[in-house]
Amino acid sequence: MKLALGTVQLGLDYGISNKQGQVDLLAAQQLLSFAYEQGIRFLDTAAAYGNSQQILGEFAHQKSHIITKINPDESSLADITNALDECFNQLNRTHIYAVMLHNADRLNHPNSRSALKQLEAEKRNGRVQKIGLSLYHPDQVKLFDVFTPDIIQIPLSIIDQRFLANGLLDKLQAQGIEIHVRSAFLQGLLLLEPSKRPSYFKQFSALNRFDKFIESTSASRLSVCLNFFKSLPAIAKIVVGCCSKDELSEIIAAYQAPIALNGLNFACDDQALIVPSNWPKLSN
């Protein structure tokens, strides 16, 4: 199963299309149990995701592979071990699949060398199997001159294809780097009907092209977004977030539905659209 479950919604009210808010404990337990039953073994979380780690520590199957992210400030870069200890305590684990720096730009800090040594030590002692980086834009790949990660997480969607330029994903895979993608639905934006999107998004022609394609096909927005990744063998996991087992069931069915698609028709490089942190505070 190429799908991995993102768990930010378990700890925070997250996503432009999320009308339910933070997932309640019963729904979280049901979601995690259903994900495991469906063969989803990878769970993505972070120290910054509210109480997501604690919920995983209580309800996640012990055979699930957990990936977490830490975002130490400048003063704590020199003591990564304490941040990881807190993660392990919350996750109720003695070891996890991977830990990433939540923003690769931390490697620019003078204390990053100490941080990397500590992460390498965690890998040697078996507490983490892989260490890596969460990237936000392709230019951060230049930081691999400082540290070559075992695993990375990148934003990628049928609209945001920056990391596909010049065969970048294939080059990273050739280096043995495991590639996970997030923002497959652009924080839920791509799943919304045009009438339900804030007026800010009317200006983007790439989004209009995407909408016209959806109108021309019987496939759902969800299926189109997910099937885009089937043509990208370099991707190991697609991290998808949802708020209930019913939503996850819909995602799995959409992923399994075959669609003929040329996703390159929808690529957009306008960062006012493809970078959610650039969106204004939105209202209809």
(request) Determine which pairs satisfy salt bridge (Lys or Arg N to Asp or Glu O under 4.0 Å) with at least one residue from residues 129-155, sequence neighbours left out, and list them in order. (result) Lys123-Asp150, Lys130-Glu178
(request) For Phe210, enumerate each residue passing the ring pair (Phe, Tyr, Trp, His ring centres under 6.0 Å) test, keeping only those at least two apart in sequence or located in another chain. (result) Phe266
(message) Rounded at 0.5 Å granularity, tell me how far CG in Leu3 sits from CD1 in Ile40.
(response) 5.5 Å
Output side-chain donor-acceptor pairs under 3.5 Å for residues 269-278, partner residues at least two apart or in another chain, one line each.
from	atom 1	to	atom 2	distance (Å)
Asp270	OD1	Ala272	N	3.0
Asn278	ND2	Gln271	O	3.0

(message) Please report the interatomic distance CG(Leu172) to CZ(Phe144), rounded to the nearest 0.5 Å.
(response) 5.5 Å
(request) Report the C-alpha distance between Val240 and Phe185 in whole Å, list the side-chain angles of each, state the deciding distance to 0.1 Å, and finish with yes or no for side-chain contact (heavy atoms from CB on, under 4.5 Å). (result) CA-CA 8 Å; Val240 294; Phe185 313 131; 4.0 Å; yes
(message) Could you check whether Gln118 and Ser114, counting side-chain N and O atoms only, form a donor-acceptor pair closer than 3.5 Å?
(response) yes
(message) Any heavy-atom pair between the side chains of Phe88 and Val128 that's under 4.5 Å?
(response) yes
(message) To check you understand the geometry: which heavy-atom pair defines the closest contact between Ile251 and Cys242, and what is its length?
(response) CD1-CB, 4.0 Å
(message) For Tyr49, give me all partners under ring pair (Phe, Tyr, Trp, His ring centres under 6.0 Å), at least two apart in sequence or on another chain.
(response) His102
(request) Measure the CG-OG distance between Leu26 and Ser244 for me, rounded to the nearest 0.5 Å. (result) 11.5 Å
(request) Find the distance between CD1 (Ile80) and OG (Ser112) and round it off to the nearest 0.5 Å. (result) 10.0 Å
(message) My understanding is that only residues two or more places apart in sequence, or in another chain, count here; which of them pass ring pair (Phe, Tyr, Trp, His ring centres under 6.0 Å) with Phe204?
(response) Tyr200
(request) Answer whether the closest heavy-atom distance between the side chains of Ile179 and Leu156 falls below 4.5 Å. (result) no
(message) I'd like to check Leu248 versus Gln38 (side-chain heavy atoms, cut-off strictly below 4.5 Å). Are they in contact?
(response) no
(message) Quick one: does any side-chain atom of Asn227 pair with a main-chain N or O of Ala257 as donor and acceptor, under 3.5 Å?
(response) yes
(request) Please name the pair of heavy atoms, one in Gly50 and one in Gln54, separated by the smallest distance, quoted to 0.1 Å. (result) O-OE1, 3.9 Å
(request) List, by chain and then residue number, the residues other than Tyr97 in its hydrophobic cluster (Ile/Leu/Val/Met/Phe/Trp/Tyr, side-chain heavy atoms under 4.5 Å); write none if there are no others. (result) Phe42, Ile67, Met100, Ile151
(request) Decide yes or no for Cys87 and Ile70: does some side-chain heavy atom of the first lie under 4.5 Å from some side-chain heavy atom of the second? (result) yes
(message) Hydrophobic cluster membership, with links at side-chain heavy-atom distances under 4.5 Å among I/L/V/M/F/W/Y: are Leu32 and Tyr36 in one?
(response) no
(request) Evaluate the side-chain proximity of Leu222 to Tyr255: yes if any heavy-atom separation is below 4.5 Å, no if none is. (result) no
(request) Evaluate whether atom CD of Glu250 has more than 12 neighbouring non-hydrogen atoms of other residues, nucleotides or ligands under 6.0 angstrom away. (result) no
(request) Check Asn125 against Arg127 and note the closest heavy-atom contact, atom names and distance. (result) OD1-N, 3.0 Å
(request) Output yes when a side-chain donor or acceptor of Gln161 lies under 3.5 Å from a complementary backbone atom of Ile158, and no otherwise. (result) yes
(request) Kindly give the heavy-atom pair with the smallest separation between Ala47 and Thr68, and that separation in Å. (result) N-OG1, 3.9 Å
(message) Between Thr45 and Gln53, is there a side-chain donor-acceptor contact under 3.5 Å, judged purely by atom types and distance?
(response) no
(request) Report whether Val239 and Ile66 are members of the same hydrophobic cluster (ILVMFWY, side-chain heavy atoms less than 4.5 Å apart, transitive linking). (result) no
(request) First locate atom CD of Gln140, then atom OG of Ser134, and finally report the distance between them rounded to the nearest 0.5 Å. (result) 8.0 Å
(message) Show every salt bridge (Lys or Arg N to Asp or Glu O under 4.0 Å) that has at least one partner inside residues 35-49, sequence neighbours left out.
(response) Asp44-Lys69
(message) According to side chain to side chain contact (heavy atoms under 4.5 Å, CB included), who are the partners of Thr148, at least two apart in sequence or on a separate chain?
(response) Gln175, Ile177
(message) Minimum heavy-atom separation for Ser183 and Ser157, please, with both atom names.
(response) O-CB, 3.4 Å
(request) Kindly state each residue pair satisfying salt bridge (Lys or Arg N to Asp or Glu O under 4.0 Å) with at least one member in residues 208-222, sequence neighbours excluded. (result) Glu193-Arg221, Arg197-Asp211, Asp211-Arg221
(message) Do Phe147 and Leu133 make a side-chain contact, defined as non-hydrogen atoms from C-beta onward lying under 4.5 Å apart?
(response) yes
Which pairs of donor and acceptor atoms, one on a side chain in residues 55-65, lie under 3.5 Å apart (sequence neighbours left out)?
from	atom 1	to	atom 2	distance (Å)
His61	ND1	Lys63	N	3.0
Ser64	OG	His61	O	3.3

(message) Donor-acceptor pair, distance only, cut-off 3.5 Å: does the side chain of Ser216 make one with the backbone of Phe213?
(response) yes
(request) Dump the intermediate steps for side-chain contact (heavy atoms from CB on, under 4.5 Å) on Leu226 and Ile259, then the final yes or no. (result) CA-CA 10 Å; Leu226 289 171; Ile259 298 174; over 6 Å; no
(message) Within this structure, what is the CG-CG distance for the pair Leu10 and Leu5, rounded to the nearest 0.5 Å?
(response) 6.5 Å
(request) Verify the cluster assignment for Phe163 and Leu186: are they in a single hydrophobic cluster under the rule of side-chain heavy atoms below 4.5 Å apart? (result) yes
(message) Please enumerate all residues that pass side chain to side chain contact (heavy atoms under 4.5 Å, CB included) together with Lys171, with sequence neighbours excluded.
(response) Asn166
(request) Could you tell me which non-hydrogen atom of Ala184 sits nearest to which non-hydrogen atom of Leu190, and how far apart they are? (result) O-CD1, 4.1 Å
(message) Checking Glu86 against Gln90: is there a side-chain donor and acceptor pair closer than 3.5 Å?
(response) yes
(request) Would you indicate whether the side-chain heavy atoms of Leu192 and Phe201 approach each other to under 4.5 Å? (result) no
(request) Test side-chain contact (heavy atoms from CB on, under 4.5 Å) on Val141 and Ile152 and set out the steps. (result) CA-CA 10 Å; Val141 171; Ile152 59 173; over 6 Å; no
(request) Check whether any side-chain heavy atom of Phe229 sits under 4.5 Å from a side-chain heavy atom of Lys2, and report yes or no. (result) no
(message) Could you tell me if Arg182 sits above the aromatic ring of Tyr136, with its cationic atom closer than 6.0 Å to the ring centre and no more than 45 degrees from the axis?
(response) yes
(request) For Ala121, enumerate each residue passing the side chain to side chain contact (heavy atoms under 4.5 Å, CB included) test, keeping only those at least two apart in sequence or located in another chain. (result) Arg124
